[in-house]
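Here's the structure we're looking at; comments come further down.
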Amino acid sequence: MTRALVLNATFEPLSIVPSRRALMLLLDEKAELIHSTERHFRAARVAFPEPSVVRLARYVRVPYQSRVALNRRAVFARDGHRCQYCGAAAENIDHVVPRSRGGTHTWDNVVAACRRCNTRKEDRLVHEVGLTLRRAPAQPRERVWFLVATGGLRPDWEPYLGSASLSASA
């Protein structure tokens, strides 16, 4: 199933929906078509281009979201699915300061790690093992990167997602 990016009336990215849902927004005149794919939805007598980016006709006020939920998927997306110690493919979540030593389960203490580095580190601190972090973990500031991380980034979405999407897809 293909997906479409839904923009607010101000061109702010809101969500990603199935293309069929985006088509329904267009048919109900709740949105306008910004970009389409080369495919079409066909009926008996009519064909509609498959939407890739749609813009809502009315502004939708988005409630303030104080923080991005901390979970395995979000940590992997933030760290680009790479081990933050060696750069290999990440398989685990590691607490920089182990919970057994008072570390918290927060964005600034959790990183993606490969099995080898996670096993090597165990419940010790980073400097005790001789590992170094590639970058300091931090809470993501923008919500956009998480929208992109839920699937893939389509090239026609990039102008609407800004610089946050580039760091998320790297």
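Nothing fancy with the numbering, it's 1 onward along the sequence.
Of all heavy-atom pairs spanning Leu23 and Phe48, the tightest one is CD1-CB, 3.8 Å. Of all heavy-atom pairs between Val53 and Leu7, the closest is CG1-CD1, 3.6 Å. Across all non-hydrogen atoms, the minimal contact from Arg42 to Ala47 is NH1-CB, 3.7 Å. Shortest non-hydrogen contact noted between Pro137 and Val96 is CG-CG2, 4.3 Å. Counting all heavy atoms, side chain and backbone alike, Arg120 lies closest to Val129 at NH2-O, 3.1 Å. Closest of all the heavy-atom pairs between Cys83 and Ala90 is N-CB, 3.8 Å.
Looking at Ser19, its side chain does come within 3.5 Å of a backbone N or O of Thr2 through a donor-acceptor pair. Although no hydrogens or angles enter the test, the distance criterion places a donor-acceptor pair under 3.5 Å between the side chain of Asn8 and the main chain of Val60. The backbone N or O of Cys86 lies less than 3.5 Å from a partner atom in the side chain of Arg134, making a donor-acceptor pair. A donor-acceptor contact shorter than 3.5 Å is absent between the side chain of Asn118 and the backbone of Asn92. With hydrogens and angles disregarded, no donor-acceptor distance shorter than 3.5 Å links the side chain of Asp123 to the backbone of Pro98.
His105 is linked by a ring-ring contact (aromatic ring centres under 6.0 Å, His included) to His95, counting only residues two or more places apart in sequence or in another chain. With sequence neighbours excluded, the residues satisfying side chain to side chain contact (heavy atoms under 4.5 Å, CB included) with Asp79 are Val75, Gln84, Val111, Ala112, Arg135.
Taking hydrophobic clusters as Ile, Leu, Val, Met, Phe, Trp and Tyr residues chained together by side-chain heavy-atom distances below 4.5 Å, Trp157 shares a cluster with Phe11. Cluster annotation: Leu131 is not connected to Ile93 through the hydrophobic network of ILVMFWY side chains, with a link wherever side-chain heavy atoms come within less than 4.5 Å. Hydrophobic clustering of Ile, Leu, Val, Met, Phe, Trp and Tyr side chains at less than 4.5 Å, counting indirect connections, keeps Val97 apart from Val110. Cluster membership for Leu56 and Leu26, using ILVMFWY side-chain heavy atoms within less than 4.5 angstrom, is shared. Following chains of ILVMFWY side-chain contacts shorter than 4.5 Å, one cannot reach Leu133 starting from Phe76, and the two form parts of different hydrophobic clusters.
Note that OG of Ser100 is 11.5 Å distant from CZ of Arg124, once rounded to the nearest 0.5 Å. Rounding to the nearest 0.5 Å gives a distance of 10.0 Å between CD of Glu91 and SG of Cys117. Note: Ser15 OG to Arg3 CZ = 11.0 Å, rounded to the nearest 0.5 Å. The line from CZ of Arg78 to CG of Leu70 is 8.0 Å long, rounded to the nearest 0.5 Å.
For residues 96-106, every residue pair satisfying the salt bridge (Lys or Arg N to Asp or Glu O under 4.0 Å) rule, not counting sequence neighbours, is listed here: Arg101-Glu128.
For the 3.5 Å distance criterion, the side chains of Thr106 and Asp108 qualify, holding a donor opposite an acceptor. When only modelled atom types and interatomic distance are considered, Glu50 and Ser36 share no side-chain donor-acceptor pair under 3.5 Å.
By the 4.5 Å heavy-atom criterion applied to side chains, Leu5 and Tyr160 are counted as neighbours. Side-chain contact between Arg20 and Phe41 is present, with at least one heavy-atom pair separated by less than 4.5 Å.
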Discussion item. Run Lys121 and Val126 through side chain to side chain contact (heavy atoms under 4.5 Å, CB included) and show every step you take.
Written reply: CA-CA 7 Å; Lys121 184 175 169 284; Val126 174; 3.8 Å; yes
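The number of heavy atoms from other shown groups lying within 6.0 Å of CZ (Arg115) does not exceed 12.
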